[in-house]
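Remember, it's a predicted structure, so these values are computed and weren't measured experimentally.
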Amino acid sequence: MSGYPYDLILFDLDGTLIETAPEIADAVNDTLSALGHPSVSQQAVNDWIGHGTRELLIQALAQVLGSTKQQVREAEAFPAIEAEFGRHYQRRCGTRSHLYPQVRETLMALRAAGVKLALMTNKEDRYTQTVLDAHQLAPLLDHVISGDTLPVKKPNPAGIHDCLQRFGVTPDRALFVGDSSIDVATARNGGIAVWALPYGYNMGKPIESSHPDRVIPDLSALTTQLPVRPTAAPV
């Protein structure tokens, strides 16, 4: 891939590299069932993905309890409920998730070409690592930034700035690949290009409405549809 235009590519996780929503819904409903609450739908879980697993659990509890998210956060019982969810999710990780088409092949090709690959997700680190290990993706990534790695998370661009500095890459040589308006906003806030996938989780809205630089059908576009920077003409 001579003339490849990017030295660093950052990826979202859920809905971008891995289809995780089914097992997240399983873990949420395992938790609700243990508490004697009704289950929530798969579509609801899909629409809640993006702000981290903790926020997703809060939204589910708020719906079944008929309360506000702030009331759930402040409830004395919430830490125990969150711990219960954590046990269910660790057990569920890898049971009903799968890589999207061309993910492994594309990451391997980019890595072989010398492109630095980073993950930037709002999912908490303990779950991020479990999901990555379940699908053997960790060895293909140069750096992982989870939702609790830094004091802030997406759409704050701190993770982008961290990676640019870590790998000595300028913003014009970096690309963010995600599936949601949160990812697009993160890239815009960080001053880098952003491409989006249409099959992920964007809170029920088409990704085109977030105006990424490009919408691609799958990850293979990173090796087959990229513009090549022109080389200087000989003098």
Could you give the side-chain donor-acceptor pairs of residues 18-29 under 3.5 Å, partners two or more places apart or in another chain?
unit_1, atom_1, unit_2, atom_2, d
Glu19, OE1, Tyr201, OH, 2.1
Thr20, OG1, Asp14, OD1, 2.4
Glu23, OE1, Gly94, N, 3.0
Glu23, OE1, Thr95, N, 3.1
Glu23, OE1, Arg96, N, 3.0
Glu23, OE1, Ser97, N, 3.0
Glu23, OE1, Ser97, OG, 3.1
Glu23, OE2, Gly94, N, 3.1
Glu23, OE2, Ser97, OG, 3.1
Asp26, OD1, Arg96, NH2, 2.9
Asp26, OD2, Arg96, NE, 2.9
Asp26, OD2, Arg96, NH2, 3.3
Asn29, OD1, Val40, N, 2.8
Asn29, ND2, Ala25, O, 3.3
Asn29, ND2, Val40, O, 3.1

Would a 4.5 Å heavy-atom cut-off, applied to side chains only, mark Leu99 and Leu17 as touching?
no

Rounded to the nearest 0.5 Å, how far apart are CG of Leu13 and CD1 of Ile49?
10.0 Å

Those residues at least two apart in sequence (or on a different chain) that pass salt bridge (charged side-chain N to carboxylate O under 4.0 Å, His left out) with Arg104 are none

Using 30° and 60° as the class boundaries, would you call the ring planes of Tyr89 and Phe85 parallel, tilted or perpendicular?
parallel

Nearest heavy-atom contact between Ala34 and Glu84 is CB-OE2, 3.5 Å

Where Cys163 and Ile145 come nearest, the two heavy atoms and their spacing
SG-CD1, 3.8 Å

For Ser220, does its backbone N or O pair with a side-chain atom of Thr223 as donor and acceptor, under 3.5 Å?
yes

Rounded to the nearest 0.5 Å, how far does OG1 of Thr31 lie from CD1 of Ile81?
9.0 Å

Any donor-acceptor pair under 3.5 Å from Gln136 side chain to Ala134 backbone
yes

Side chains of Asp213 and Arg188: closer than 4.5 Å at any heavy-atom pair?
yes

CG (Leu132) and OH (Tyr127) are apart, to the nearest 0.5 Å, by 15.0 Å

If you measure from CD1 on Ile207 to CH2 on Trp195, what distance do you get to the nearest 0.5 Å?
14.5 Å

In Å, rounded to the nearest 0.5 Å, how long is the span from CD1 of Ile9 to CZ of Arg173?
10.5 Å

Val184 to Pro212 - nearest heavy-atom pair and separation:
CG2-CB, 4.0 Å

Hey, can you pull the donor-acceptor pairs under 3.5 Å for the side chains in residues 106-122, sequence neighbours left out?
unit_1, atom_1, unit_2, atom_2, d
Thr106, OG1, Gln102, O, 2.6
Arg111, NH1, Leu140, O, 3.4
Arg111, NH1, Asp142, OD1, 3.1
Thr121, OG1, Lys123, N, 3.0
Asn122, OD1, Lys154, N, 3.0
Asn122, ND2, Gly50, O, 3.0
Asn122, ND2, Lys154, O, 3.2

Of all residues at least two apart in sequence or in a different chain, which pass the side-chain contact (heavy atoms from CB on, under 4.5 Å) check with Gln59?
Trp48, Lys69

From CA spacing to verdict: side-chain contact (heavy atoms from CB on, under 4.5 Å), Gln129, Val144:
CA-CA 9 Å; Gln129 296 300 331; Val144 174; 3.9 Å; yes

Treating Ile, Leu, Val, Met, Phe, Trp and Tyr as nodes and any side-chain heavy-atom pair under 4.5 angstrom as an edge, say whether Val45 and Leu65 lie in one connected cluster.
yes

Can Met203 be reached from Val194 by stepping across I, L, V, M, F, W or Y side chains whose heavy atoms are under 4.5 Å apart?
no

Around atom CD of Gln165, are there more than 12 heavy atoms of other residues, nucleotides or ligands at under 6.0 Å?
no

Could you tell me which non-hydrogen atom of Tyr199 sits nearest to which non-hydrogen atom of Thr16, and how far apart they are?
OH-O, 3.4 Å

Of all heavy-atom pairs between Phe78 and Leu57, which one has the smallest distance, and what is that distance?
CE1-CD2, 4.1 Å

Please answer whether the main-chain N or O of Thr68 pairs with a side-chain N or O of Gln71 as donor and acceptor at a distance below 3.5 Å.
yes

Looking at Ser180 and Ile182, would you say the former's side chain and the latter's main chain have a donor-acceptor pair under 3.5 Å?
yes

Set of residues satisfying side chain to side chain donor-acceptor pair (under 3.5 Å) with respect to Gln63, sequence neighbours excluded
none

For Ser146 and Asp125, which heavy atoms make the closest approach, and how far apart are they?
OG-OD1, 3.2 Å

Hey, does Gln43 have a side-chain heavy atom less than 4.5 Å from the side chain of Asp47?
yes

Quick one, Arg126 with Asp148, criterion side-chain contact (heavy atoms from CB on, under 4.5 Å). Give me CA distance, side-chain angles, the key distance, then yes/no.
CA-CA 9 Å; Arg126 60 192 180 278; Asp148 49 4; 4.2 Å; yes

Step by step, work out the side-chain contact (heavy atoms from CB on, under 4.5 Å) result for Leu219 and Leu197.
CA-CA 8 Å; Leu219 238 61; Leu197 296 149; 3.7 Å; yes

Thinking salt bridges, do Glu124 and Arg54 make one under a 4.0 Å N-O criterion?
no

Taking C-beta and beyond as the side chain, do Leu10 and Thr186 meet within less than 4.5 Å on heavy atoms?
no

Does the pair Tyr100 and Asp218 meet the rule for a side-chain contact (heavy atoms from CB on, under 4.5 Å), with working shown?
CA-CA 8 Å; Tyr100 285 110; Asp218 60 56; over 6 Å; no

Among all residues two or more places apart in sequence or in another chain, which pass the salt bridge (charged side-chain N to carboxylate O under 4.0 Å, His left out) test with Asp162?
Arg166

Quick one: CD1 on Ile192 to CZ on Phe176, what's the gap to the nearest 0.5 Å?
7.0 Å

Passing candidate, side chain to side chain contact (heavy atoms under 4.5 Å, CB included) with Ser181, options Ser210, Pro155, Ser209
Ser210

